[in-house]
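Quantities reported herein were computed from a predicted structural model and do not represent experimental measurements. Here, residue 1 is the first one in the sequence, and each next residue gets the next number.
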Amino acid sequence: MTGWEEFTLVSKPETPFKIKYTDVPLSYYTSILGMPGLTAYAGFYEICTPKKGEYVFVSAASGAVGQLVGQFAKLMGCYVVGSAVSSEKVDLLKSKFGFDDAFNYKEEPDLNEALKRYFPEGIDFYFENVGGLMLDAVLVNMRLHGRIAVCGMISQYKGVHNLHYIVTKCIQMEGFKVFNYYSLYPQFLEATRQCIKEGKIVYVEDIVEGLESAPAALIGLFTGRNVGKQVVAVSHE
């Protein structure tokens with residue numbers, strides 16, 4: 001965690017770690033092999049406790065975390081649907097990341113009905129990235145003893161009214177912070193790197209050049225302009 005700067009003085013030398021593998025792009029250590037990757041790994045395997053054949057829904061599915069959750073779920077043998085903010089991202093989820101299906105939530109007048117269409121038998125596990133109206137609709141469509149891993153709630157300006165389903169459907173809903181799972185990093189790194197080498201996992205980064213591009217790139221995150229992990233390349237040296 002540093003500032004937007006070309007050089008950083010690190011006051012706590014125990015904070016950085018040495019990069020072990022250089023046979024992948026170094027930018028991967030800010031994304032698939034860094035905090036977003038570990039977030040997906042911990043949220044899916046530790047919070048979800050997935051089983052083969054389960055029904056999995058991922059919101060903000062084309063983002064830095066969501067695209068990995070969906071691929072982890074497919075490797076587990078789950079049925080996976082994701083939501084995204086544009087038709088381009090929906091196509092990416094199905095064609096590149098291997099999701100069974102996906103939809104543009106902005107084109108759905110009724111999210112409850114949309115989820116019923118994609119999950120007629122209900123949702124076993126929901127990886128929560130947005131909150132608000134999406135969470136409200138998901139709660140209605142969860143199966144008995146479903147699980148929700150709460151990674152983020154970026155749209156939480158909208159109220160949630162269906163929380164009573166947590167009781168009636170015996171839903172386990174757990175928030176988590178990736179910092180509490182850093183002990184898993186070595187096993188996560190080895191497992192994920194092997195999947196990358198074998199082509200079982202693919203990843204998309206949206207890289208802009210130069211520190212001067214950082215403000216516009218940040219603003220783009222809130223309009224869905226980026227595709228995949230947003231990276232600012234400060235220097236290639």
K.L.:
Looking at side-chain heavy atoms only, is the closest gap between L139 and I171 below 4.5 Å?
P.N.:
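L139 vs I171: side chains touch.
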
K.L.:
For residues V160 and G132, report the shortest heavy-atom separation together with the two atoms involved.
P.N.:
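Smallest heavy-atom distance, with atoms named: CG2-O, 3.8 Å.
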
K.L.:
Looking at CG of L38 and CG of L33, how far apart are the two atoms once the value is rounded to the nearest 0.5 Å?
P.N.:
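Result: 10.5 Å between the selected atoms.
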
K.L.:
Do you know which two heavy atoms are closest between N129 and A60, and how far apart they sit?
P.N.:
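Closest approach of N129 to A60: CB-CB, 3.8 Å.
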
K.L.:
Between G210 and V232, what is the shortest heavy-atom contact and its length?
P.N.:
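Looking at all heavy atoms of both residues, the closest pair is O-CG1, 3.4 Å.
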
K.L.:
Ring centres of F17 and Y185 under 6.0 Å apart?
P.N.:
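Judged by ring-centre distance (under 6.0 Å), F17 and Y185 do meet the cut-off.
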
K.L.:
Going only through I, L, V, M, F, W and Y residues with side-chain contacts under 4.5 Å, is there a path from F44 to F179?
P.N.:
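Yes, same cluster.
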
K.L.:
Can you check side-chain contact (heavy atoms from CB on, under 4.5 Å) on Y29 and V24, steps first, answer last?
P.N.:
CA-CA 9 Å; Y29 288 93; V24 296; 4.0 Å; yes

K.L.:
Could you go through S59 and Y126, starting from their C-alpha distance and side-chain angles, then the distance that decides it, and tell me whether this counts as side chain to side chain donor-acceptor pair (under 3.5 Å)?
P.N.:
CA-CA 8 Å; S59 56; Y126 171 46; 2.9 Å; yes

K.L.:
Starting from M134, can I reach V90 by hopping between I/L/V/M/F/W/Y residues whose side chains sit under 4.5 Å apart?
P.N.:
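No, V90 does not connect to M134 through the hydrophobic network.
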
K.L.:
Whether R117 and E108 form a salt bridge (side-chain N of Lys/Arg under 4.0 Å from carboxylate O of Asp/Glu) is what I want to check.
P.N.:
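Between R117 and E108 there is a salt bridge, with a charged N closer than 4.0 Å to a carboxylate O.
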
K.L.:
Walk me through whether Y41 and E46 qualify under side chain to side chain donor-acceptor pair (under 3.5 Å).
P.N.:
CA-CA 8 Å; Y41 186 87; E46 296 297 311; over 6 Å; no

K.L.:
I'd like to know whether V85 forms a side-chain contact (heavy atoms from CB on, under 4.5 Å) with K89, so could you lay out the CA-CA distance, the side-chain angles of the two residues, the decisive distance to 0.1 Å, and finally the verdict.
P.N.:
CA-CA 7 Å; V85 72; K89 292 182 178 182; 3.7 Å; yes

K.L.:
Evaluate the criterion salt bridge (Lys or Arg N to Asp or Glu O under 4.0 Å) for residue pair E128 and R147; output intermediate values, then yes/no.
P.N.:
CA-CA 10 Å; E128 167 69 296; R147 290 95 65 210; over 6 Å; no

K.L.:
Please say yes or no: joined through hydrophobic side-chain contacts below 4.5 Å, possibly via intermediate residues, are V234 and V231 part of one cluster?
P.N.:
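Different clusters: V234 never reaches V231 through Ile, Leu, Val, Met, Phe, Trp or Tyr contacts under 4.5 Å.
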
K.L.:
Measure the spacing between CG of L218 and OG of S213 and express it to the nearest 0.5 Å.
P.N.:
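The OG atom of S213 is 12.5 Å from CG of L218, to the nearest 0.5 Å.
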
K.L.:
Is there a side-chain contact between E205 and Y28, using heavy atoms and a 4.5 Å cut-off?
P.N.:
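Side chain of E205 against side chain of Y28, heavy atoms only: contact under 4.5 Å found.
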
K.L.:
Indicate, with yes or no, if V178 and V58 share a hydrophobic cluster defined by side-chain heavy-atom contacts under 4.5 Å among Ile, Leu, Val, Met, Phe, Trp and Tyr.
P.N.:
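Yes, V58 connects to V178 through the hydrophobic network.
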
K.L.:
In Å and rounded to the nearest 0.5 Å, what is the OH to OG distance from Y118 to S83?
P.N.:
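Going from the OH atom of Y118 to the OG atom of S83 covers 10.5 Å.
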
K.L.:
For the backbone of K51 and the side chain of E54, can you confirm whether one donor and one acceptor N or O come within less than 3.5 Å of each other?
P.N.:
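Yes, E54 side chain to K51 backbone: donor-acceptor pair under 3.5 Å.
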
K.L.:
To the nearest 0.5 Å, what is the distance between OG on S86 and CZ on R225?
P.N.:
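Between atom OG of S86 and atom CZ of R225 there are 13.0 Å.
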
K.L.:
Taking the side chain as everything from C-beta on, heavy atoms only, tell me whether L211 gets closer than 4.5 Å to W4.
P.N.:
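Yes, side chains in contact.
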
K.L.:
Does the ring centre of F72 sit less than 6.0 Å away from the ring centre of Y45?
P.N.:
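Under 6.0 Å, so yes.
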
K.L.:
Quick check: do L115 and F103 have side-chain heavy atoms less than 4.5 Å from each other?
P.N.:
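Of all side-chain heavy-atom pairs linking F103 with L115, at least one is under 4.5 Å.
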
K.L.:
Identify the heavy atoms of Y181 and A42 that sit nearest to each other, and give their distance.
P.N.:
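Looking at all heavy atoms of both residues, the shortest contact is CG-CB, 3.7 Å.
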
K.L.:
Counting only heavy atoms not in E209, do more than 12 fall under 6.0 Å of its CD?
P.N.:
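Enclosed: over 12 neighbouring heavy atoms sit under 6.0 Å from CD of E209.
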
K.L.:
Looking at CZ of F57 and CG of D124, how far apart are the two atoms once the value is rounded to the nearest 0.5 Å?
P.N.:
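Atom-to-atom, F57:CZ and D124:CG are 14.0 Å apart.
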
K.L.:
Give the intermediate values and the outcome of ring pair (Phe, Tyr, Trp, His ring centres under 6.0 Å) for residues Y55 and F125.
P.N.:
CA-CA 6 Å; Y55 299 95; F125 173 66; over 10 Å; no

K.L.:
Any side-chain heavy atom of K116 sitting closer than 4.5 Å to one from D110?
P.N.:
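Side-chain contact under 4.5 Å: no.
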
K.L.:
Can you name the side-chain hydrogen bond (donor to acceptor under 3.5 Å, both in side chains) partners of E190, sequence neighbours left out?
P.N.:
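Partners of E190 under the side-chain hydrogen bond (donor to acceptor under 3.5 Å, both in side chains) test: K20, Y21.
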
K.L.:
Can V81 and V56 be said to form a side-chain contact (heavy atoms from CB on, under 4.5 Å), step by step?
P.N.:
CA-CA 6 Å; V81 175; V56 176; over 6 Å; no

K.L.:
Are any non-hydrogen side-chain atoms of I47 and I148 less than 4.5 angstrom apart?
P.N.:
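SC-SC contact between I47 and I148 ruled out.
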
K.L.:
Between R193 and D23, is the closest basic N to carboxylate O distance under 4.0 Å?
P.N.:
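R193 and D23: salt-bridged.
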
K.L.:
Counting heavy atoms not belonging to K106, are there more than 12 under 6.0 Å from its NZ?
P.N.:
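Atom NZ in K106 is not packed in, count stays at 12 or less.
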
K.L.:
Quick one about S62 and Q67 (side-chain donor to acceptor, distance below 3.5 Å, no hydrogens or angles considered), yes or no?
P.N.:
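No, no side-chain donor-acceptor contact under 3.5 Å.
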
K.L.:
If you define the side chain from C-beta out and look only at heavy atoms, does anything of N162 sit under 4.5 Å from H164?
P.N.:
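Yes - at least one pair of side-chain heavy atoms lies under 4.5 Å apart.
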
K.L.:
With a 4.5 Å limit on heavy-atom distance, are the side chains of L133 and Y105 in contact?
P.N.:
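A side-chain contact under 4.5 Å is absent here.
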
K.L.:
Please determine if D100 and K74 form a salt bridge, counting it only when a charged side-chain N lies under 4.0 Å from a carboxylate O.
P.N.:
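Looking at D100 and K74, the cut-off is met.
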
K.L.:
Looking only at side-chain N and O atoms, does Y203 offer a donor or acceptor that is under 3.5 Å from a partner on Q71?
P.N.:
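Not at all, the side chains of Q71 and Y203 share no donor-acceptor pair under 3.5 Å.
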
K.L.:
If every non-hydrogen atom of A149 is compared with every non-hydrogen atom of F176, which pair is closest and at what distance?
P.N.:
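That closest heavy-atom pairing would be CB-CE2, 4.2 Å.
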
K.L.:
A quick test of your reading: do over 12 heavy atoms of other residues, nucleotides or ligands sit less than 6.0 Å from NZ of K94?
P.N.:
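Counting other residues, nucleotides and ligands, NZ of K94 exceeds 12 neighbours.
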
K.L.:
Can a donor-acceptor pair be found, under 3.5 Å and without considering hydrogens, that links the side chain of K169 to the backbone of M142?
P.N.:
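Such a contact is found between K169 side chain and M142 backbone.
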
K.L.:
Between V204 and L26, is there shared hydrophobic-cluster membership here, with clusters defined by ILVMFWY side-chain heavy atoms closer than 4.5 Å?
P.N.:
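Shared cluster, yes.
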
K.L.:
Give the minimum heavy-atom separation between I207 and A233, together with the two atoms involved.
P.N.:
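Smallest heavy-atom distance, with atoms named: CG2-CB, 4.0 Å.
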
K.L.:
Looking at OG1 of T30 and NZ of K229, how far apart are the two atoms once the value is rounded to the nearest 0.5 Å?
P.N.:
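Output value for this atom pair is 5.5 Å.
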
K.L.:
Taking only residues two or more places apart in sequence or in another chain, which ones pass side-chain hydrogen bond (donor to acceptor under 3.5 Å, both in side chains) with N112?
P.N.:
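With sequence neighbours excluded, N112 shows a side-chain hydrogen bond (donor to acceptor under 3.5 Å, both in side chains) to N141, given in chain and number order.
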
